[in-house]
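Have a look at the structure below, then the notes.
Order of the sequence lines fixes the chain letters, A, B, ..., with proteins taken first and strands second; residue numbering starts at 1 for each chain.
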Amino acid sequence: MSGYDPKEIEAKWQRLWAEEKTWEVANPGQPGFDGGKPKSYVLEMLPYPSGEPHVGHLKCYAVGDAIAHFHRRHGFEVIHPMGYDAFGLPAENNAIKTGEPPREATERSIASFRKQFREWGISIDWSRELGTHTPEYYRWTQWIFLRLFEKGLAYRDEAPVQWCPKDATVLANEQVVDGRCERCGTPVEQRRLEQWFFKITDYAERLLADFDLLESWPEHVVTMQRNWIGRSEGAEVTFRCAELDLDFPVFTTRPDTLFGASFFVLAPEHPELERLIAGTPAEREVREYVNQVARESVEDRGDEERPKTGVPLGRSVVNPVNGERIPMFVADYVLMEYGTGAIMAVPAHDARDYEFARAFDLPVKRVIEGVDPDVARDDEGLPYPGDGPMTGSGEFDGKHNREAYGEIVAWLAGDGRGEAAVNYRLRDWLVSRQRYWGAPIPVVYCDACGDAGAPAIVPVPDDQLPVELPEIEDYAPQGRSPLAAAEDWVATECPRCGAAARRETDTMDTFVDSSWYFIRYLDAHNEAAPWDRDTADHWLPVDQYIGGVEHAILHLMYARFFTKALADLDLLSVEEPFANLFTQGMITRDGAKMSKSKGNTVSPAEYVERYGADTARTYVCFMGPPERGGDWSDEGVEGVNRFLSRLWRLCEEVEPLPAGDLDQAAGGSARELLAKAHWAIDKVSRDFERGFQFNTAVAATMELVNEAYRVKDDLYTDPAGVAAVRFAAATAASLIFPFAPHLGAEVWERLRGGRVWEDRWPVADPELLSSDTVTLVVQVNGKLRDRIEAAADAPEAELLALARESEKVRRHLDGKQVVKEVVVPGKLVNLVVR
RNA sequence: GCCGGAGUGGCGGAAUGGCAUACGCAAUUGAUUCAAAAUCAAUCGCCCCUAGCGGGCAUGUGGGUUCGACUCCCACCUCCGGCACCA
């Protein structure tokens, strides 16, 4: 015997799959397209190629590949592509440090990923491979940008952004760690700059409503997105500053507390602040305060524990419900980015307003009766955020606030003082980056086309795409995009008037690239369009999407937004990109997240080298439920390797033996082994269907192999018995194939001949799933007292009689009276005694 | 604070309201071997005793529903994840 040699087996099958292009599928209309099969689009989130693949990649692709194989063997035409999310910061930061062009480091990493995916035996359709950093791809990213621009869904606006004063650069949000610059540790400041946005807020309502269109998404992911979108119902009410003839709309979820508004607060970034204070005694103090707030880190400002600060403006507004003049303040607890950047403060019924009122000695006026002891801070039981009868609210007094809510809104709306409103926490997606390694934004600025000093934004015509990323020398940002230094590239002609114009030097957020890659796979080499409509309609939506839960909000929501926008542009027929989502949990080591600095990383390549890809893949599926995390254990890997070796040895042992007719293997341990095999088929199938419970699926296959070991020596004496062992081993190979495809294919070929992936997924024989006798559990007062073999179809009376006959049971019935008998046929008898 | 998820042997984890601890790891023992590794076989929750085909206790804590609860309900504790001055 030669022993289990994964290197040899794995190389053999990988070669065959590559040569025969086993996993490639054709599009409708292409030769080889199989229109007779239903389609299944199985997709794992594409990797970000930086360095080498890590163990999280292994788990993601092992899980996804198992699903792809399972679908194929259920008769689906499975499309299972792969690509690389190749633009992004790490490659660029590496370039700044080492001078190596981002493209080179990225290509090197991609080569490593590609090689390892092949060595893992993942069943990828390589004909559809793509990299988001190639002009062939980002040309279409730019094309989509232009379509969004035409629709008004991409726009340019001034916005506060994160700025590092030491590096003199704008930072991406991901580069701000605890309010400091990721690279130099300097506290980050906010600045207002012109930026590009996508109008995702237009889709807030549909992004919420269309959760109903999804088949199966983890509940917590839906909840996280729901919270992120943060829909609130309330009213927009206008407060007027008569002295300056200025209207200040506010959003409130509590219009029922309007009569209790005793002051009014603007965010420090509020655009009207300057007009309110110009030339007033408050001017200087307000300016100082605003500047001080601007220097605060975002984290400090968000600290709820901090005492409330602010400055009076010396101005007032009129409360539209009662005509009261209430003083205006500026305070940092009001955020410009939520609502209108201004609030009416109702200290009696809002904890934050209450604290501010205390700090500034402002009146607190109760308008709802009630006390919440958990929140109340004073003798009167204020603040009180709950519900109750109204008071001090004019004609609404005595009514319950919930009841009066709608009436107040209607009353305000009647004469234009306010209206019902919905507000979202979601903000528009800021997509421009002052960065080199991304897709250039395809517009130019033309002074000649513009007017009054403001240049016109002129989109680059489709036939001039892609706007290629130029080669540059210095990648370090200098407060503007590094692309600005490529002067020859920046200087261009206006496509509209031909005059001298300048290119946009910002690039797009990499989340833009990954918001549509799953469509490009479907028609990856189309040079005339991002995709062919019919082809995309055939394959979409993705039937099963697999990835890390860390993308629960951003990537998944952006891709949903893109899909809806593209559907509105009449480029797609689906409203939702991912019908089913599976989020895999994170693998830790020694209970901690893996990181290079902790030195607790696991290199998949090392384990594949030592134990083979089948062992590594099966182990990550076996270590626990895949949606949960798990701690990596070298001993656990060895355990899985032992199991695969046992299957291999079983195969080698039984292969040369002359086997008889399986139908003759009717009695004794042969039948028991066959029954175990069918039990395993049933169990693994159900574990797949019930949310990919791969740990128990692998365990069931282990049980089958263990059972075969227990009985094999007895069965070898008889050809029918040998046939039963062969069947058990081949079934184990078939069931383990989605996890350990090389070994599964090899054992199957040796014992059954042919290719296991072309064989339909086995179906358990109901005849062998049931047996003539069952183990009857006998309880007395719910406690197990005996187990008795009984005929499976025995009537209740017989089971009761059997139970009462048992010596062990009688001992517990002694001197007692049976007051109740519970019989579950085929399972259990419970005798209740007193 | 709000919203999710989870608490089961020495460890990772199994259990449509019906045999708690499948499967794996670790540990112990035996076979094989000159020996070891590998392999094969077996034992393996805790406690008690009269040592058996024995009894009791165990699924975070306390209640409840039920003939019967890891599973369902109520209250609480702990841990993990997300959001967080969102008006």
Side-chain angles (χ1 to χ4, degrees), chain A residues 3 218-228 230-232 234 250-254 257 265 267 301-306 308 331-335 337-346 349-353 355-356 374-375 423-427 549-550 552-553 585-586 619 622-625 627-640 642-643 645-646 649 683 686 690 693 695-703 705-706 709-710 713 775-787 806-808 811-812 819-824 826-833:
Chain A
E219 195 51 48
H220 68 278
V221 173
V222 173
T223 305
M224 279 162 73
Q225 285 201 13
R226 221 174 236 135
N227 292 344
W228 185 265
R231 183 183 196 274
S232 300
V250 299
F251 174 77
T252 177
T253 54
R254 295 297 303 276
T257 64
V265 189
R301 182 168 169 187
D303 185 359
E304 287 171 62
E305 303 301 308
R306 229 167 44 144
K308 293 279 177 284
D332 66 355
Y333 82 94
V334 174
L335 309 174
E337 56 269 26
Y338 186 78
T340 61
I343 62 157
M344 62 158 192
V346 185
H349 302 289
D350 181 280
R352 298 155 299 177
D353 296 345
E355 279 176 47
F356 192 88
D374 291 341
V375 187
N423 196 56
Y424 300 93
R425 206 190 74 106
L426 182 70
R427 286 182 274 155
V549 72
E550 65 274 17
I553 298 175
M586 200 175 43
Y619 173 65
F622 178 66
M623 56 197 300
E627 72 276 14
R628 296 229 296 262
D631 205 54
W632 183 274
S633 142
D634 284 358
E635 292 80 13
V637 178
E638 287 193 27
V640 167
R642 261 197 289 273
F643 155 63
S645 304
R646 271 161 76 81
R649 282 195 305 274
K683 171 75 175 149
R686 280 188 290 117
R690 179 184 73 115
Q693 299 298 296
N695 53 329
T696 50
V698 173
T701 314
M702 287 173 169
E703 282 195 58
V705 171
N706 290 347
Y709 266 74
R710 258 190 292 278
D713 289 336
T775 305
L776 183 73
V777 171
V778 186
Q779 301 176 331
V780 178
N781 284 354
K783 284 196 173 163
L784 175 74
R785 293 305 175 190
D786 201 5
R787 275 169 260 214
S806 155
E807 176 56 33
K808 289 185 223 167
R811 216 176 294 157
H812 293 276
V819 296
K820 184 161 187 169
E821 293 163 334
V822 179
V823 183
V824 183
K827 266 196 181 147
L828 139 158
V829 170
N830 187 15
L831 301 173
V832 186
V833 301

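Atom CD in E355(A) sits about 14 Å away from atom C1' in A87(B), given to the nearest Å. Atom-to-atom, CG of L828(A) to P of A15(B) comes out at 20 Å; the value is rounded to the nearest Å. If you take CG of N227(A) and P of G81(B), they are 17 Å apart, rounded to a whole angstrom. Per the geometry, CE belonging to M224(A) stands 13 Å off P belonging to G4(B), to the nearest Å. One can place CG of D631(A) at 14 Å from C1' of C80(B), the figure rounded to the nearest angstrom. Atom NE2 of H812(A) and atom C1' of G56(B) are 11 Å apart (whole Å). Between the CH2 atom of W228(A) and the P atom of G4(B) there is a distance of 18 Å, given to the nearest Å. If you measure from atom NZ of K783(A) to atom P of A20(B), you get 11 Å, rounded to the nearest angstrom.
Side-chain contact between M344(A) and T257(A) is present, with at least one heavy-atom pair separated by less than 4.5 Å. Using a 4.5 Å cut-off on side-chain heavy atoms (C-beta onward), N706(A) and R646(A) make contact. Counting heavy atoms from C-beta outward, I343(A) and D353(A) have side chains that approach closer than 4.5 Å. Side-chain contact between R690(A) and T696(A) is present, with heavy atoms from C-beta onward closer than 4.5 Å. Side-chain contact check for D332(A) versus R306(A): some heavy-atom pair is nearer than 4.5 Å. In this structure the side chain of V549(A) reaches within 4.5 angstrom of the side chain of H220(A), judged on heavy atoms.
Between the side chain of Y619(A) and the backbone N or O of W632(A), no donor-acceptor pair lies under 3.5 Å. Looking at Q693(A), its side chain never comes within 3.5 Å of a backbone N or O of P625(A) through a donor-acceptor pair. For the pair N781(A) (side chain) and V833(A) (backbone), a donor-acceptor distance under 3.5 Å is present. Judged by distance alone, the side chain of N830(A) and the main-chain N or O of G782(A) form a donor-acceptor pair under 3.5 Å.
The side chain of Y709(A) lies closest to A41(B) when the candidates are A15(B), A41(B), A87(B). Of the candidates G24(B), C3(B), A84(B), G24(B) carries the atom nearest the M702(A) side chain, counting heavy atoms from C-beta on. The side chain of V777(A) sits closest to C19(B) out of G68(B), C19(B), C53(B). Each of C40(B), G12(B), C67(B) was ranked by its minimum atom distance to the side chain of V832(A); first place goes to C67(B). Across A87(B), C19(B), G18(B), the shortest atom-to-atom separation from the side chain of Y338(A) is found for A87(B). For R785(A), whose side chain is taken as the heavy atoms from C-beta onward, the closest listed nucleotide among G55(B), C23(B), C40(B) is G55(B).
C53(B) takes the syn form, because its glycosidic angle lies no more than 90° either side of 0. Base orientation of G45(B): anti (glycosidic angle beyond 90° from 0).
Between A22(B) and A15(B), the distance separating the two P atoms is 12 Å to the nearest Å. Distance check on atom P: G24(B) versus C40(B) gives 11 Å, rounded to whole Å. One P atom belongs to A38(B), the other to U29(B), and the distance between them is 15 Å to the nearest Å. Of the P atoms belonging to G68(B) and A20(B), the separation is 15 Å, rounded to the nearest Å. Separating the C1' atom of G81(B) from that of A31(B) is a span of 50 Å, rounded to the nearest Å. Taking the P atom of each, A84(B) and U71(B) are spaced 35 Å apart, rounded to whole Å. The same atom, P, is picked in G17(B) and in U32(B); the two are 49 Å apart, to the nearest Å. For the P atoms, the distance from U59(B) to C3(B) is 29 Å, rounded to whole Å.
Between N695(A) and A14(B), a side-chain N or O to OP1/OP2 separation shorter than 4.0 Å is present. Contact between the side-chain N/O atoms of R642(A) and the OP1/OP2 oxygens of A37(B) is not found at any separation under 4.0 Å. Regarding contacts with the backbone of C80(B), every side-chain N or O of R628(A) stays at 4.0 angstrom or more from both OP1 and OP2. Close to A84(B), at under 4.0 Å from its OP1 or OP2, lies a side-chain N or O of R425(A). A close approach under 4.0 Å does not occur between any side-chain nitrogen or oxygen of R226(A) and OP1 or OP2 of G82(B). Contact annotation: H349(A) side-chain N/O to A87(B) OP1/OP2 distance is not under 4.0 Å. Note on R646(A): a side-chain N or O is less than 4.0 Å away from OP1 or OP2 of A41(B). The phosphate of C11(B) (OP1 or OP2) has no side-chain N or O of S633(A) nearer than 4.0 angstrom. Here R690(A) reaches the OP1 or OP2 of A15(B): one of its side-chain N or O atoms lies under 4.0 Å away.
In terms of polar N and O atoms assigned as donor or acceptor, the side chain of K827(A) comes within less than 3.5 Å of the base of U16(B) in a complementary pairing.
Using a 4.0 Å heavy-atom cutoff across all strands shown, V334(A) reaches at least one base atom of the nucleic acid. Among the atoms of the strands shown, base atoms are found under 4.0 Å from some heavy atom of K308(A). In this structure, Y424(A) reaches neither bases nor backbone, as no heavy-atom distance under 4.0 Å exists between it and the strands shown. No contact: R231(A) has no heavy atom under 4.0 Å from any strand. Residue contacts shown for G639(A) are limited to sugar-phosphate atoms, with no base heavy atom under 4.0 Å away. Nucleic acid contact for S232(A): sugar-phosphate only, since backbone atoms but no base atoms lie under 4.0 Å from a heavy atom of the residue.
Using cut-offs of 30° and 60° for the angle between ring planes, the F356(A) and Y333(A) rings count as tilted.
Of the residues near RNA chain B, I343(A) and G629(A), the one whose nearest nucleotide (by heavy atom distance) lies more toward the 5' end is G629(A). With RNA chain B read from its 5' end, the first of the two nearest nucleotides for Q779(A) and N706(A) is the one closest to Q779(A).
Every stem involving RNA chain B, taken as at least 3 paired positions in a row under the Watson-Crick or G-U wobble test at 3.5 Å, is listed here: B:1-7 with B:77-83, B:10-12 with B:23-25, B:27-31 with B:39-43, B:45-48 with B:54-57, B:60-64 with B:72-76.
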